[in-house]
Structures are given as structure tokens and as C-alpha cells.
Number of protein chains: 2
Amino acid sequence: MNDPDWSLYRTFLAVCRTGSLSGAARDLGLTQPTAGRHVDELERLLRRTLFTRSPQGLMPTDAALEIRPYAESLATTAAALLRQVSGATERVEGVVRITASDVIGVEVLPPILARLQAAHPGLVVELSLSDQVEDLLHREADVAVRMTRPVQDALVVRSIGEIELGLYAHPDYLTQAGTPETFADLSLHRMIGFDRQTAFVRMAAAEMRRLNPGFSTVEEIGWHYRTDNNLAQLAAIRAGAGIGFCQTRLAEREPRLQRVLPEVRYPLPSWVAMHEDLKTSPRCRATFDALVEGLQDYVSAPSSR
Amino acid sequence: MNDPDWSLYRTFLAVCRTGSLSGAARDLGLTQPTAGRHVDELERLLRRTLFTRSPQGLMPTDAALEIRPYAESLATTAAALLRQVSGATERVEGVVRITASDVIGVEVLPPILARLQAAHPGLVVELSLSDQVEDLLHREADVAVRMTRPVQDALVVRSIGEIELGLYAHPDYLTQAGTPETFADLSLHRMIGFDRQTAFVRMAAAEMRRLNPGFSTVEEIGWHYRTDNNLAQLAAIRAGAGIGFCQTRLAEREPRLQRVLPEVRYPLPSWVAMHEDLKTSPRCRATFDALVEGLQDYVSAPSSR
DNA sequence: GAGCAATCATTCAAAAATGAATGACCCCGA
DNA sequence: TCGGGGTCATTCATTTTTGAATGATTGCTC
């Protein structure tokens with residue numbers, strides 16, 4: 001009598017995501033009346049109103065917001081199942097989903113993945129770039145590059161060493177604003193930094209207190225250019241907007257970036273991780289190995305100093 | 001073109017579980033031809049043979065075994081979603097799923113849960129008793145009683161103190177076999193213990209080495225009555241089969257159980273845990289609180305010594 | 001304010017999924 | 001060796017689901 005058909009959850013989720021029956025229908029390859037009927041039936045079976053209908057779209061109710069995470073989880077699992085099937089052969093082929101920070105994904109991974117795909121033409125790579133760690137246990141991703149040590153069980157974890165961060169600026173900026181000689185000088189500069197409080201920010205705060213006890217918190221630096229998007233920070237540094245953090249290995253590739261206060265160093269211990277069960281999956285195994293090797297090279301490349 | 005309807009996974013899972021199309025159809029309220037067609041379509045869409053048909057049932061192929069965990073995960077999530085909906089009111093009602101060890105579930109929880117349900121008649125309790133910890137993050141259970149500190153994030157955890165284990169035997173046994181005076185005497189007795197290596201066994205081994213450096217491993221005790229089922233161990237002790245471990249609070253209730261070597265004590269730090277998101281769910285919150293209170297009472301009840 | 005581009009709701013015919021019935025096969029026990 | 005109970009496969013009528021078309025409403029733009 002109860003127990004809705006699982007496909008109703010898929011429609012429900014699509015409606016949540018698109019905000020309209022029509023949009024959901026487009027995404028799913030259905031028609032708008034069908035999507036509407038699915039929602040109707042789900043509402044009937046759950047005995048809950050899920051959306052308040054309006055001509056310009058549907059507003060999810062509290063009940064809908066409550067069950068949406070579950071529907072997302074269903075979608076994630078279904079996607080992982082398909083990836084698993086796609087790569088269930090002896091060869092390295094199918095879809096592998098990698099999660100990493102955006103900087104790593106844009107600046108470091110491309111050549112590594114290109115080499116991997118050259119070796120395995122059947123391999124399709126999905127890159128999910130974000131700082132919020134996708135959950136490997138939930139199979140939101142197959143392989144992850146992490147800056148924090150994964151603590152969960154049932155994960156295969158390999159250290160790739162420490163990615164070092166330093167302060168950098170464009171020569172144009174330094175010519176115009178001068179080069180800081182001491183940590184305290186930084187307060188006179190345009191600093192490129194973070195918008196919200198993140199793990200890295202807290203760590204940086206602790207490190208700055210260590211280097212300069214006069215500053216009680218990192219907030220006192222007074223960021224002049226705030227964004228949580230690390231790529232945007234990097235672009236800002238390149239554009240001469242001020243002084244900001246950049247991975248030293250990355251900066252070494254760019255002759256036009258100049259290091260500031262070389263004693264400021266944040267080593268970020270980094271790892272590659274994947275679910276234990278995926279060890280036997282050729283596509284995941286090959287990707288994992290390629291990432292470990294490529295990133296170890298990246299981390300330990302001879303410094304150009 | 002691809003992307004099977006999610007309901008196909010449900011049928012697939014039912015076929016896996018029952019081992020036959022007919023059985024799956026019975027479970028799902030379908031008919032056998034429909035179940036068969038679902039499997040056919042899933043096989044077509046995944047381009048994999050999932051079962052080898054035979055008159056006495058269906059044998060899952062390797063591909064089926066590979067994707068079954070994903071289907072199980074879908075089922076778990078769908079069930080959690082329904083529980084969430086069932087209890088999404090201001091009142092404490094709906095289904096709450098609790099996981100605990102079997103001894104706790106059989107010997108300790110009943111009065112606590114009975115009281116809870118007396119206070120909230122609309123509350124339905126699902127008890128999942130096993131030593132393998134169900135994953136709270138995956139919502140396999142809403143609330144868990146754990147003997148190991150939960151490490152995962154996003155969990156609400158409350159300590160309930162230490163559950164103490166001791167050695168016990170039935171007076172009949174001691175009359176017949178004698179009462180051991182020293183730890184070394186135990187090797188002359190019929191010991192009731194574990195079949196396989198578990199976390200507790202490893203801990204007990206360490207503890208025994210501490211108490212008695214002469215024994216290098218717990219295996220040397222030579223269990224005479226082996227089972228991983230703690231309830232069966234308890235029953236064996238009660239039946240006078242030998243000496244075994246029992247929670248002291250439990251044993252104190254039973255005048256016919258006599259403590260052996262009182263210096264042998266294993267305190268098991270214990271916790272109640274649930275997913276953070278469920279804090280706002282009245283049914284989970286009430287259950288969590290009732291378990292914490294009830295178990296704290298159980299742990300700290302005045303000893304009858 | 002008219003026209004356009006969205007939205008959702010309704011209707012009705014077409015398509016798809018389902019179930020009942022039946023047949024074929026296999027295993028087991030009498 | 002012969003049912004009886006279990007399985008899956010096939011067929012066909014029925015039910016259900018779906019989609020196309022249409023209408024009604026809203027918001028936006030010109």
C-alpha cells in the first residue's frame with residue numbers, strides 16, 4: 001500500500017533541482033504531465049505535500065527539503081552503480097570519478113590525467129572540483145585527492161607528501177607597492193585571501209600566530225581581496241592584485257610570480273584515497289596509481305631555487 | 001538510452017535476496033513475469049547478464065554480485081527516507097531504527113524501550129541487533145549503541161560510561177569443577193568464549209597479558225565452548241557449561257550467577273550515537289535521550305556487592 | 001497594454017507495463 | 001515411476017502509464 005516506486009524519487013529530485021515540473025521533465029526525458037503525476041503520487045503515498053504549486057515554478061515544502069538529501073543519496077548511489085558497471089572488465093575502461101580541490105584539478109591534474117587516458121583510451125574521467133570533500137564511502141567519487149588525512153575505515157589511502165604553500169605576488173605589484181621585508185609589513189599590503197572560515201584559514205591563523213605572536217588572529221591581516229575560490233585567488237595574484245598564497249610548485253613554473261617572505265611556508269600533507277572495494281576495479285586502480293605517481297612527482301619535483 | 005529506471009534496482013535486489021523471480025515477485029507484490037521482465041530490461045540497459053536462469057532458481061553472475069551492494073545501499077536509503085517521513089511531525093511518532101549488540105538488545109534495552117513507548121504510543125521501534133556496526137552515516141540505523149568510540153563526523157555522540165565485564169559461572173559448575181583461585185587456574189576450566197577474532201577478543205588478549213604475563217595470547221586459554229553469539233555465551237554460563245564473560249550489571253540481577261576472579265575486569269566504554277541531522281527529528285531525539293538516560297542508569301546502578 | 005515565453009492543469013488517444021493463465025522443465029519423495 | 005510442488009517462459013487481454021495537444025495563468029519586455 002505504501003512504499004513508493006523508487007523512480008518517483010528520481011522525479012522528485014529532478015523537480016527539486018530544476019524547480020519546475022517542466023524542467024524536471026526535460027532533464028529526465030519525460031513530459032511535464034508525467035512529472036506532475038509522479039509528484040502527485042509520491043505526495044499521496046507519503047501523505048505529505050511536497051511542493052506548493054505556482055505558475056512560475058514549484059516551491060519545495062519543509063517535508064520536501066527534509067527528504068531531498070535522501071533522494072540525492074539515491075542518485076549518488078545509482079550513479080556509482082553505473083560507473084561500476086561501466087568499468088567492470090579486465091581492461092582499464094569506463095567512467096572514473098575523481099574529486100580534488102579546484103587548483104589541483106585545473107593546474108596539476110590535467111597532464112597526469114592526459115597521460116593516463118593516452119595509455120587507456122577507453123577511460124572516461126569525471127572531475128568534480130570542490131573544497132567540500134565528497135564522501136568516498138557514499139561513492140560520491142571513486143578516487144579523491146585530499147589535503148586532510150582521511151580518517152574513515154574501508155579506504156585505501158596513499159600519502160603523496162606535502163604540498164607547500166607560500167606567499168607570492170606579481171612583479172608589477174611589488175614594483176608599485178614595494179616588497180614587504182617582515183611579516184608585519186604585510187598589514188600594509190593588499191592581501192588576497194579567503195572569504196569564509198575554512199580548515200585552511202584556521203590553520204593559517206595558527207601558523208601566523210607562530211610566526212608573528214603580535215597578530216592574534218589571521219583576521220587582523222585584513223584581506224583586501226576575498227574569495228573562497230582558490231583559482232580566483234591565483235588569477236588575482238597573476239593579475240597583480242596583491243599578495244596571496246600559492247602552491248610553491250605551481251609558482252615555480254611561472255617566472256612572473258615572485259615569492260614574498262620565503263620564510264612563510266605552509267606544508268599541506270596530502271593524500272590520494274579510494275574505497276577499498278574499488279581496489280579490484282581496474283579503472284579505479286589505474287587511476288589511483290596514476291594519481292599517486294603523478295602527484296608525488298609534482299610534490300617532489302626539484303625546486304628551481 | 002541508458003540509465004535504468006530506479007525501480008528496476010529494487011526488483012533486481014529482491015531477486016538477489018530471494019534467489020528466484022517468483023520469490024521476488026511475492027516480496028514486491030508483483031507477478032513473476034513482471035519480475036522477469038524487469039530483470040531482462042536491466043540486463044539490456046546495463047549490457048550485462050545478471051543471472052543464469054535455471055528451473056530451480058536464478059544464479060547471480062559476477063556482474064550481479066558486483067552491483068548488489070549498490071542496490072542494497074539504495075534500499076537502505078529508501079527505507080531511511082520513509083522512516084524520516086514517518087516521524088516528521090512535532091510529536092514523537094513514526095519508526096525509529098536502533099542498532100545495538102545482541103546482549104544489550106535482549107537484556108538491557110527492553111525495559112528502556114518499553115518505557116519510551118509507553119510515553120509515546122505512536123513510536124514504532126525497529127531493533128537491529130548485531131555486532132557489526134551499522135553505518136549511521138548511511139542511515140542504516142537512526143540511533144546506535146556502540147562499544148567503540150564512533151569516529152565519524154556528523155554524529156552526535158554521548159558517553160554512557162563504562163560497561164564492565166567480569167568472569168561468571170553457575171554455582172552448579174563451580175561445585176562440580178571447583179572455583180579457580182588464580183588466573184592460571186582458568187586453564188584447568190571449561191572456558192566459554194569466542195569463535196573468531198573480534199575487537200573484544202583482541203582487547204581481552206591485551207588485558208590478560210596485563211593480568212598474567214605468563215599467558216602470551218588469549219588463545220592459550222583454550223576456549224572450550226566457542227560462539228560469537230554473546231547471547232549463546234550467556235546462556236551457556238547460565239546453564240553451567242563453564243566460566244565466561246558477562247556484563248557485571250547483568251550478572252548482579254541473577255542470584256544464580258557467581259563471580260569468578262573478581263580482579264578480572266574489562267571496562268567497555270560505551271556510547272549512544274546518531275546522525276546530526278536527526279537531532280531535529282522528535283522521534284530520534286526522544287529515543288536518543290531515553291537510551292542515554294536508561295543506559296547511564298544501567299551502567300551506574302548501585303552495585304549489589 | 002499587447003505580445004511573448006515561461007509555468008502548471010486537463011483531456012484523450014496511444015503506448016507500455018502488468019497480470020492471469022498456461023505450458024515446459026526440474027527436483028524430490030512416495 | 002509417478003505425482004506434487006517448485007521453478008521460468010510465453011501469450012494475450014487488461015490495466016496503467018505516458019505523451020501530445022490544448023487551455024489558463026503569470027511575469028516580463030517592448
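Every chain is numbered from 1, with letters handed out A, B, ... down the list of sequences.
- Results of the side chain to side chain donor-acceptor pair (under 3.5 Å) test with B/T11 over B/R37, B/E41, B/H38 single out B/H38 as the only residue that passes.
- When the side-chain nitrogen and oxygen atoms of A/H38 are compared with OP1 and OP2 of D/dT17, none of them lie within a distance under 4.0 Å.
- Summarising the geometry, the separation between CZ on A/R26 and P on C/dC8 is reported as 9 Å, rounded to the nearest angstrom.
- Remark on the helix from C/dG1-D/dC30 to C/dA30-D/dT1: inter-end axis angle 20°, axes from five-pair C1' superpositions, rounded to 10°.
- For B/Q32 and C/dA20, the CD to P distance is 12 Å, given to the nearest whole Å.
- Put simply, CG on A/L65 and SG on A/C16 are 7.0 Å apart, with the number rounded to the nearest 0.5 Å.
- Spacing between atom CZ of A/R44 and atom C1' of D/dT17 amounts to 14 Å, rounded to whole angstrom units.
- Nucleotide C/dA17 holds its P atom 14 Å from the CG atom of B/L30, rounded to whole Å.
- Between B/D142 and B/R83, at least one side-chain nitrogen of the basic residue sits less than 4.0 Å from a carboxylate oxygen of the acidic one, meeting the salt-bridge criterion.
- The CE-P distance, from A/M59 to D/dT26, rounds to 18 Å in whole Å.
- Within the structure, every side-chain polar atom (N or O) of B/T34 is placed at least 4.0 Å from both OP1 and OP2 of C/dT18.
- Going from atom CG of A/L234 over to atom CD of A/E107 covers 5.5 Å, rounded to the nearest 0.5 Å.
- Separating the CD atom of A/E41 from the C1' atom of C/dA17 is a distance of 14 Å, rounded to the nearest angstrom.
- Rounded to whole Å, the distance from CD on B/E43 to C1' on D/dC8 is 13 Å.
- Toward the 5′ end of DNA chain D lies the nearest nucleotide of B/P33, the other residue of the pair B/P33 and A/G29 mapping further downstream.
- Phosphate proximity of D/dT7 to B/S20: present, with a side-chain N or O under 4.0 Å from OP1 or OP2.
- Where A/L21 and A/D5 meet DNA chain C, the nucleotide closest to each residue was compared, and A/L21 sits on the side nearer the 5' end.
- In this structure, B/D40 atom CG and D/dT10 atom P are separated by 9 Å, rounded to whole Å.
- The distance from atom CZ of A/R139 to atom OG1 of A/T77, rounded to the nearest 0.5 Å, is 8.5 Å.
- You'll find that the side chain of A/L58 is closest to C/dC8, out of C/dC8, C/dT18, D/dC8.
- For the atom pair CG (B/L127) and CD1 (B/I104), the distance works out to 11.5 Å, reported to the nearest 0.5 Å.
- Put simply, A/S22 has no side-chain N or O that comes within less than 4.0 Å of OP1 or OP2 on C/dA6.
- Closest to the side chain of B/R53, out of C/dG19, C/dC8, D/dC8, is D/dC8.
- For B/R37, the side-chain atoms get nearest to D/dC12 when compared with the rest of D/dC12, D/dA21, D/dC8.
- The pair B/R285-B/D289 meets the salt-bridge criterion, with a side-chain N (NZ, NE, NH1 or NH2) lying under 4.0 Å from an Asp/Glu carboxylate O.
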